[in-house]
Amino acid sequence: MTNDVRVRFAPSPTGGLHLGGVRTVLFNYLFAKHTGGKFILRIEDTDRTRYVEGAEQYIYDCLAWCGLNPDESPLLGGEYAPYRQSERKDIYRQYAEQLIAQGNAYYAFDTSEELEQMRANLKSEQNPSPQYDHKTRMSMRNSLSLTNEEVEKLIESGAPYVVRIKMPENERVGFTDMIRGHIENETELVDDKVLLKADGMPTYHLAVVVDDYLMKITHAFRGEEWLPSAPVHILLWKYLGWEAEMPQWAHLPLILKPDGNGKLSKRDGQRLGFPVFAMSWTDPSTGETINGFKEEGFLPEAFVNILAMLGWKDDSEQEIFSMQELIDKFSIDRVHKGGAKFDYDKAKWFNQQHIQQKSNEDLLPLVKSFFEKEGVTPDDESLLQVISLIKERCQLLTDFWPQGHFFFKSPSDIDTDTIKAKWTDEKKTFFNDWMETFANITDWNSEQIEASFNETTAKHSLKKGEVMLPLRIMLVGGKYGPGVYDIAAHIGKEETKNRIISALQLIEE
RNA sequence: GCCGCGUUGGUCAAGGGGUUAAGACGCCUCCCUUUCACGGAGGAAUCACGGGUUCGAAUCCCGUACGUGGUACCA
């Protein structure tokens, strides 16, 4: 039996791809893969005033990084091409005309000034946002209020117009949401939405219905901000005669800001110090760059895992999932109804878990690129060892450098204050003596180093702890890092000696 | 204002009539580690509120409150 599940993600290319957007992609993708269906990427670029150079390519890049690759897209093509709405412009008009002919839509000639005027006139405390609806439409300039003659004349004269849906009065429109169950609205409460704009482009409302129909979309997932306009879409499916093929809807909960309430915005990320975009985005008009999860050191598999847990959970205690496990286990009826506050600390924990699960070899190229940004290009074998030594103390890929820089460069900042606080002449002679002792070590490894260190501390009647911390600081710069003998072993005998000597000089100053 | 949607610890959440209301993040205490981290053992919640229904409600119903989304020729 062939499976014909088809879902789509339909972003408008206007800027950085937000957490919530990626999660919508993810749920679409998981649903498609789980059911053996197809995941389609459609670009909704019907608003020419919001066109942003590079934003479309950026979306492809983000999806590729996340591993959420579509089966059909503007790039890939497919049976239902084109997948960019600006290239489908001519398709929409006939449906708008059909709706007018059926009496479900009408021409409206009002200028934006006239619309503003109407809103200003009707605005009151009781009605802060007057709508273009059944109550007001007859006092506006449209093919309902004007005579046929006037309408024809206006159109012939080239007067700009839009097409609006004529929302019925006293009707209830309902549908079953896969996440929320039955939802019903009063049609007269929603306004006569514009379907076709003056420039001939459709609005989202018309385009989404026409394209979902033409592209045979079976399930439509989108953010819950679309719930209030759902009745318009349902009505359109009905008026166009496609009701039997209408997709099943699912409105996903929002991702909320960590403090207070409200939708998470890119400003919250900047304010609180965490990324909200998948990858870094540079606004071409301002030149401003905002880092994404990738640049902040997240693994794509962790990023996907985080997003999946923000709004979905299976009935087990498992929290760390691979993409394949998510695909296997995902079910739309376990998606939550309520929004979730984004918790950056937990996000980092997810990343840490994924780092620990990855092999050193897999981590190598990733870590290397962050080292290269710091101007250090270690050889693979050496970096591999370092990765295995420090990986368990890294939450982010960006932590590898601060946790591991001293393996490749002698530390520029040495916390001499801590050493000086308990410094004695005995310790000084200990270090001088130890350097002479370890000069004789032929097999420079961590066991030998430790043995020689122990021997020398015993000789000087010092407790290991008294000199281990100073040694660590001499080699590393501060009170952190993996086992101190491992560090000495890795940087080599000469370098160990050099660092001790230069640190001793600093202490004496 | 109106309409829709939502509400289990600080956060993510399991649980959908009878449970000591799981687990995770974060926080605190302790152990391990003569750094840090990892790991381990503990500590902290009457499920927004008020009414029902029921022998029994976090779980079902109705209100209220709060939050949030929409109310554009933006998506």
Side-chain angles (χ1 to χ4, degrees), chain A residues 10-14 44-47 49-50 108 110-112 115-116 119 123-133 160-164 177 179-180 183-186 188-191 193-205 207-208 222-231 251 253-254 256 258-263 306 309-320 334 336-350 352-353 356 390-395 399 403 418 463-473 476 478-484:
Chain A
S12 62
T14 53
E44 307 221 333
D45 54 350
T46 53
D47 187 352
T49 64
R50 294 211 302 164
D110 318 275
T111 64
S112 50
L115 290 173
E116 262 170 51
R119 290 188 183 112
K123 189 170 174 171
S124 68
E125 223 167 87
Q126 287 307 297
N127 184 12
S129 336
Q131 296 185 326
Y132 199 119
D133 61 11
Y161 64 86
V162 301
V163 174
R164 284 179 183 273
D177 186 279
I179 297 169
R180 294 154 202 280
I183 290 168
E184 218 172 60
N185 296 76
E186 208 92 43
E188 63 178 49
L189 263 16
V190 352
D191 61 331
K193 298 249 180 260
V194 170
L195 264 20
L196 206 63
K197 301 185 243 190
D199 64 1
M201 279 288 196
T203 59
Y204 171 83
H205 303 104
V208 73
R222 56 184 2 177
E224 79 168 81
E225 68 269 26
W226 290 108
L227 226 29
S229 55
H251 290 87
L254 266 14
L256 277 15
D259 58 338
N261 291 296
K263 259 207 289 198
I306 292 160
M309 291 304 112
L310 238 37
W312 176 87
K313 180 100 169 63
D314 78 347
D315 57 1
S316 76
E317 284 183 14
Q318 185 175 355
E319 290 195 279
I320 304 300
R334 288 193 66 90
H336 308 145
K337 296 176 183 155
K341 288 183 184 175
F342 179 68
D343 181 348
Y344 191 53
D345 281 326
K346 183 127 192 196
K348 285 192 287 195
W349 175 80
F350 273 108
Q352 189 231 109
Q353 296 297 308
Q356 306 321 315
I390 65 175
K391 104 199 224 190
E392 71 186 15
R393 62 201 72 215
C394 293
Q395 286 195 304
D399 291 336
Q403 287 293 336
T418 301
K463 279 189 244 166
K464 268 201 292 178
E466 295 180 89
V467 275
M468 251 177 109
L469 187 64
L471 174 61
R472 166 178 299 284
I473 294 170
V476 168
K479 295 189 278 184
Y480 60 94
V484 70

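Heavy-atom basis, side chains included; hydrogens, waters and symmetry copies ignored. So you know, we letter chains A, B, ... as the sequences are listed, proteins then strands, and number each from 1.
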TODO: Between protein and nucleotides 4-11 of chain B, map the contacts as a letter string: B base, S sugar-phosphate only, - none, heavy atoms under 4.0 Å, written 5' to 3'.
DONE: BSS----B
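- Taking atom P on both nucleotides, B:C25 is separated from B:A21 by 22 Å, rounded to a whole Å.
- For A:Arg50 and B:C73, the shortest distance from a side-chain N or O to OP1 or OP2 is not below 4.0 Å.
- Residue A:Lys197 places at least one side-chain N or O closer than 4.0 Å to OP1 or OP2 of B:C74.
- Residue contacts shown for A:Lys193 are limited to sugar-phosphate atoms, with no base heavy atom under 4.0 Å away.
- Remark: B:A72 base-pairs with no nucleotide; criterion is Watson-Crick or G-U wobble with both hydrogen-bond distances under 3.5 Å.
- In this structure, A:His251 reaches neither bases nor backbone, as no heavy-atom distance under 4.0 Å exists between it and the strands shown.
- In this entry B:G63 has B:C49 as its Watson-Crick or G-U wobble partner, both defining distances falling under 3.5 Å.
- Side-chain atoms of A:Gln403 and A:Lys391, non-hydrogen and from C-beta on, never get closer than 4.5 Å to each other.
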Task: Derivation and outcome, side chain to side chain contact (heavy atoms under 4.5 Å, CB included), residues A:Asp315 and A:Arg334 - done: CA-CA 9 Å; A:Asp315 57 1; A:Arg334 288 193 66 90; 3.7 Å; yes
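- Side-chain atoms of A:Arg180 and A:Pro253, non-hydrogen and from C-beta on, do get closer than 4.5 Å to each other.
- Checking B:A75, B:G1, B:C25 against the side-chain heavy atoms of A:Asn127 singles out B:G1 as nearest.
- Of the candidate nucleotides B:C73, B:G1, B:G69, B:C73 has the atom nearest to the side chain of A:Ala198.
- Atom CD in A:Gln131 sits about 15 Å away from atom P in B:G1, given to the nearest Å.
- Using a cutoff of 4.0 Å between basic side-chain nitrogens and carboxylate oxygens, A:Arg50 and A:Asp47 are scored as salt-bridged.
- Here A:Gly483 lies in heavy-atom contact (under 4.0 Å) with a base.
- Between A:Arg222 and A:His251 the shortest side-chain heavy-atom distance falls below 4.5 Å.
- The A:Glu317 side chain lies nearest to B:A22 when the options are B:G70, B:A22, B:C25.
- For the pair A:Ile306/A:Phe342, a side-chain contact is recorded, criterion being any heavy-atom separation below 4.5 Å from C-beta on.
- At B:A72, one or more side-chain N or O atoms of A:Arg119 fall inside 4.0 Å of OP1 or OP2 (strictly under the cut-off).
- Between the C1' atom of B:U34 and the CD1 atom of A:Ile473 lies a distance of 13 Å, rounded to the nearest Å.
- At the phosphate of B:C2, neither OP1 nor OP2 sits under 4.0 Å from any side-chain N or O atom of A:Ser129.
- B:A22 and B:A14 have their P atoms separated by 15 Å, given to the nearest Å.
- Of the candidate nucleotides B:G69, B:C38, B:A14, B:G69 has the atom lying nearest to any side-chain atom of A:Leu254.
- The pairing partner recorded for B:A58 is none, the criterion being a Watson-Crick or G-U wobble arrangement whose two distances lie under 3.5 angstrom.
- Within the nucleic acid shown, A:Gly481 comes within 4.0 Å of at least one base atom, counting heavy atoms only.
- Nucleotide B:G9 forms a pair with no other nucleotide shown, judged by Watson-Crick or G-U wobble geometry with both contacts under 3.5 Å.
- In this structure, A:Thr203 and A:Lys197 have side chains that are in contact, with non-hydrogen atoms separated by less than 4.5 Å.
- Atom CG of A:Leu471 is separated from atom P of B:U34 by 14 Å (rounded to the nearest Å).
- A:Thr46 comes within 4.0 angstrom of sugar-phosphate atoms only, judged by non-hydrogen atoms across all strands, and of no base.
- Residues A:Leu469 and A:Lys479 have side chains in contact (heavy-atom distance under 4.5 Å, counting atoms from C-beta outward).
- Taking atom C1' in both B:C12 and B:G70, the straight-line distance is 27 Å, to the nearest Å.
- Atom NE2 of A:His336 is separated from atom P of B:G16 by 14 Å (rounded to the nearest Å).
- Place A:Leu310 and A:Ala347 on RNA chain B by their nearest nucleotides, and A:Leu310 ends up nearer the 5' end.
- For the C1' atom pair drawn from B:A57 and B:C62, the interatomic distance equals 15 Å after rounding to whole Å.
- Between A:His205 and B:C73 there is no side-chain N or O to OP1 or OP2 distance below 4.0 Å.
- Candidate nucleotides B:C25, B:A75, B:C73 were compared by shortest atom distance to the side chain of A:Tyr204, and B:A75 ranks first.
- Residue contacts shown for A:Arg334 are limited to sugar-phosphate atoms, with no base heavy atom under 4.0 Å away.
- Residue contacts shown for A:Gly311 are limited to sugar-phosphate atoms, with no base heavy atom under 4.0 Å away.
- Using the Watson-Crick or G-U wobble rule with both distances under 3.5 Å, B:A37 pairs with nothing in any strand shown.
- The nearest whole Å value for the distance from the NZ atom in A:Lys313 to the P atom in B:G16 is 14 Å.
- Considering only side-chain atoms of A:Glu392, the nucleotide from B:A24, B:A37, B:A13 that sits closest is B:A37.
- Side-chain contact between A:Ile390 and A:Tyr480 is absent, with no heavy atoms from C-beta onward closer than 4.5 Å.
- Closest to the A:Val194 side chain, of the nucleotides B:C73, B:C2, B:A24, is B:C73.
- The CD atom of A:Gln403 sits 11 Å away from the C1' atom of B:U35 (whole-angstrom rounding).
- Pairing for B:G16 is absent, with no Watson-Crick or G-U wobble pair whose two atom distances lie under 3.5 Å.
- Residues A:Glu44 and A:Glu319 each lie close to RNA chain B; by heavy-atom proximity, the contact nearer the 5' end of the strand is made by A:Glu319.
- Rounded to an integer number of Å, the gap from CG of A:Asp315 to P of B:G23 is 16 Å.
- As a whole-Å value, the separation of A:Lys348 NZ from B:C38 P is 12 Å.
- Among the atoms of the strands shown, none is found under 4.0 Å from any heavy atom of A:Asp199.
- By the 30° and 60° cut-offs, the orientation of the rings of A:His205 relative to A:Trp226 is perpendicular.
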